2 protein chains.
Amino acid sequence: MAASRRPTLADVAREVGVSAKTVSRVLNEDGPVSAQTREQVLTAVARLGFQPNLMARNIRVGGPDTTIGLVVPDLGNPFFGAVAGGIEATVHDRGLTLLMGSSGEDPGRERDLTSKFLARRVSILMVVPSVGADHSHLKPHRAAGLPVVFIDRPAVGLSADSVVSSNRAGAHDGVAHLITHGHRRIGFIGDLPVKLYTRRERLAGYRSALEEAGLPYDRSLVTSAHDQQGAAAATAQLLGLEDPPTALFAGNNMVALGMVAELSRAKRKDVAFVAFDDVALAEALEPALTVVAQDPEEIGRTAAATALSRLDGDRSRARTVTVPTRLIVRGSGERPAPAVP
Amino acid sequence: MAASRRPTLADVAREVGVSAKTVSRVLNEDGPVSAQTREQVLTAVARLGFQPNLMARNIRVGGPDTTIGLVVPDLGNPFFGAVAGGIEATVHDRGLTLLMGSSGEDPGRERDLTSKFLARRVSILMVVPSVGADHSHLKPHRAAGLPVVFIDRPAVGLSADSVVSSNRAGAHDGVAHLITHGHRRIGFIGDLPVKLYTRRERLAGYRSALEEAGLPYDRSLVTSAHDQQGAAAATAQLLGLEDPPTALFAGNNMVALGMVAELSRAKRKDVAFVAFDDVALAEALEPALTVVAQDPEEIGRTAAATALSRLDGDRSRARTVTVPTRLIVRGSGERPAPAVP
DNA sequence: CTGAAAGCGCTAACAC
DNA sequence: GTGTTAGCGCTTTCAG
């Protein structure tokens, strides 16, 4: 059972007794073809199970490939899955397909992936940039007209479109919600590394909410974690302070999981908390988890729409689109602060 | 700012004053090249920002493209995201890239996607087949040596490898756990449509556990839902029966969310429950959620390993690999059944 | 309406 | 070490 060569245009042409060009015409509904030959060609195509080689076509036509290159930190993270879903839904009608890879937050891998995608002549490049990644190597491609969109975090060293959540305003709203319920000492558990764009923005929102309420910024109440374990530990550490916080703000969904787990383990029913980013089962918790929800699908749709407009000739200068977050009040933020002595 | 043409091998060659083949040799580390010209070529490549056109290369070399086509029902579903992550991790070293699309459980879209992928000459095709999809159109490609792997559900009308969870055994274990704690009337809320492979298998596991314990199979205790809302309604409906179940088994993670939400809403702290598929925050619930956990990453890794072995010439007959599930006992399944009168 | 020739960007197979 | 020629599978261009 030898792996038989796949049929080509020429095979079909020979089969019918016409030229390759005629077969090509039939398949692309280009120029005129007699109903007669048309029929014969289609029959032969079906019988041989012929499928035109898209790569060969693209190379001749010269245009970009009908793919979108998408680099995310982690394919398994539902946030990026939802972003990808939003992109796909938006570009599907244009016949574009997603080429995906994960960088693991490693600038080197990110660069390998983008290079590979560029070598494939993707129509559009979308990247969730890793901390420390430099994007200057994309400059010539941008100049050549390639739409590039950065997702969730802005570009570094390159002027390009980007789409982000309203991190700062969202964090502000979440923290303000806690303040409204009387809390004056609020812990912040952010992601790592501390240079991460989303962490910086969300911390800024936290600080602005404090400032607005005339509360002091206490560095000892700000800590970090990069996984669920770490977040649990950070939670325990904050609660163990001499003058501990009466409320906590989780800087992302991973942190939220660890924080909730630790509070539940320690049976601390007195601590109020709010998390950035929604999680499944948030409503089923006791108390139900109040969150600052992002809209990853909308981020994906927006990124795709932006890129498509560039593809269609929009030459206006690079813009950053902010997708709003939404405070979903479910209860966990309303535990009252204890009366101050 | 005209969109300048991207440089080609010939451009680089002209720049340096050598032949295209020499440049090719440098880039592919093929045949011998003097250190002198090598240096010059690399310089020119860097200066022009040249990136070889992978499509052109592939077409000449004739082999399949270095991509894996992956069709899933829904990109936003974390289960499939994790599967994709497992695949990518396994194939990364071979230089393969993921081409992904979502079918929305629509056999037509699934077919469009697979056809597109085949036209791109993917090295490997992986599909989570939709209910009602037929795969006979893949036969010629299989015969031509294309590795095809079905994920989460077996193939229809085609002999090909597949990788699935131990749905039957897993459901059996979950239900047996409930029986162990004294439950004799156990509700089953499965997914929809009822013809879905995973639903059938899990229901079979449910039945086998009942049978093993000498318990009757009562059809009125078996119902369905295809989203969280529906699952909540189904839960309410089961608990409203004249002779209601004292324990519930959720057939998937979506159903679990709805079920937990409804039990929490109705403040039914007496009902025991177990869910198929793990969910975030399961430990933080009260009681913590006992689940039959799947291992989607491992499913992805296994699928990839299987496909790679085919690529490497394994011609043995098609096999179905079952990835074990694991009962994670956290508490929700241990609420005792009320004493029978 | 149809076909022959040329060429997209690259590499295999031979020269030198 | 390096260049030349041919050709991957397809489409463009121009003749019939």
Side-chain angles (χ1 to χ4, degrees), chain A residues 3-42 44-45 48-66 115-116 118-122 141 144, chain B residues 3-42 44-45 48-66 116 118-123 141 144:
Chain A
S4 59
R5 198 177 52 82
R6 277 194 246 269
T8 74
L9 253 200
D11 294 328
V12 178
R14 197 172 319 113
E15 188 82 0
V16 185
V18 295
S19 80
K21 177 63 207 175
T22 301
V23 179
S24 168
R25 274 199 264 262
V26 172
L27 271 69
N28 295 304
E29 295 178 346
D30 193 18
V33 183
S34 81
Q36 162 88 328
T37 42
R38 191 187 150 68
E39 214 48 55
Q40 296 181 339
V41 166
L42 290 176
V45 163
L48 294 182
F50 169 76
Q51 278 188 301
N53 185 326
L54 250 179
M55 291 190 289
R57 173 175 216 289
N58 270 335
I59 212 209
R60 177 67 251 233
V61 174
D65 191 12
T66 57
S115 296
K116 225 194 230 163
L118 292 170
R120 287 185 176 282
R121 303 295 188 262
V122 293
H141 296 92
Chain B
S4 58
R5 198 177 52 82
R6 277 192 245 269
T8 73
L9 254 200
D11 294 326
V12 179
R14 198 173 318 113
E15 189 81 0
V16 184
V18 296
S19 80
K21 179 64 203 177
T22 301
V23 180
S24 169
R25 273 199 265 260
V26 172
L27 271 70
N28 295 303
E29 296 178 346
D30 195 15
V33 184
S34 79
Q36 160 90 329
T37 44
R38 190 188 150 67
E39 215 47 55
Q40 296 181 340
V41 166
L42 289 176
V45 163
L48 294 181
F50 169 76
Q51 278 188 298
N53 186 326
L54 250 180
M55 291 190 289
R57 174 175 216 287
N58 271 334
I59 210 206
R60 174 67 250 234
V61 175
D65 191 13
T66 57
K116 226 194 230 161
L118 292 170
R120 286 185 177 282
R121 303 294 188 262
V122 294
S123 295
H141 296 91

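This one's a predicted model, so the numbers in the text were calculated from it and none came from an experiment. Labels below follow one simple rule: chain letters A, B, ... track the order of the sequence lines, proteins then strands, and each chain is numbered from 1.
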Does the base of C:dG9 carry an N or O that pairs as donor and acceptor with the side chain of B:R60 under 3.5 Å? no
Interatomic distance, A:R121 CZ vs C:dC8 C1' [rounded to whole Å]: 12 Å
What verdict does the side-chain contact (heavy atoms from CB on, under 4.5 Å) test give for B:I59 and B:M55, after you've listed the backbone C-alpha separation in whole Å, the side-chain angles of each residue and the deciding distance to 0.1 Å? CA-CA 6 Å; B:I59 210 206; B:M55 291 190 289; over 6 Å; no
To the nearest angstrom, how far is B:Q51 atom CD from C:dC10 atom P? 11 Å
Between the two ends of the helix from C:dC1-D:dG16 to C:dC16-D:dG1, what is the bend in degrees, rounded to 10 degrees, where each end axis spans five pairs? 40°
Which two nucleotides bound the region of DNA chain D that has atoms under 4.0 Å from heavy atoms of chain B, read 5' to 3'? D:dG1 to D:dG9
Contacts of type side chain to side chain donor-acceptor pair (under 3.5 Å), residue A:N58, not counting sequence neighbours: A:D65
Both A:V18 and B:L54 contact DNA chain C. Which one's nearest nucleotide lies toward the 5' end? A:V18
Taking salt bridge (charged side-chain N to carboxylate O under 4.0 Å, His left out) as the definition, give me every residue that meets it alongside A:D11, ordered by chain and number, with sequence neighbours left out. A:R5, A:R14
Under a 4.0 Å heavy-atom cut-off, which of residues 32-40 of chain B touch DNA chain D? B:P32, B:V33, B:S34, B:T37
A:R121: what forms a salt bridge (charged side-chain N to carboxylate O under 4.0 Å, His left out) with it, not counting sequence neighbours? none
If we only count heavy atoms from C-beta on, is the A:V23 to A:V18 side-chain gap below 4.5 Å? yes
For A:L48 and A:P7, the nearest pair of non-hydrogen atoms, with its separation, is O-CG, 3.5 Å
Once you round it to whole Å, what is the distance between C1' of C:dG7 and CG of A:N58? 16 Å
Strand-adjacent residues in residues 22-31 of chain A, judged by heavy atoms under 4.0 Å from DNA chain C: A:T22, A:R25
Test of understanding: with side chain to side chain donor-acceptor pair (under 3.5 Å), list the residues that count as partners of A:S19, not counting sequence neighbours. A:T22
Please report the distance, rounded to the nearest Å, between NZ in B:K21 and P in C:dA13. 10 Å
When you check the side-chain N and O atoms of B:R57 and B:T66, is any donor under 3.5 Å from an acceptor? no
Partner set under side chain to side chain contact (heavy atoms under 4.5 Å, CB included) for B:Q40, not counting sequence neighbours: B:V16, B:Q36, B:T37
Minimum heavy-atom distance A:V41-A:V12, with the two atoms named: O-CG1, 4.3 Å
Mind checking B:S19 for me? I need base, sugar-phosphate or nothing, with any heavy atom below 4.0 Å counting as a touch. base
Can you give the donor-acceptor pairs under 3.5 Å from side chains of residues 25-33 of chain B to other protein atoms, not counting sequence neighbours?
from, atom 1, to, atom 2, distance (Å)
B:N28, ND2, B:S24, O, 3.0
B:N28, ND2, B:S24, OG, 3.3

C:dC8 C1' sits how many Å from A:N53 CG, rounded? 13 Å
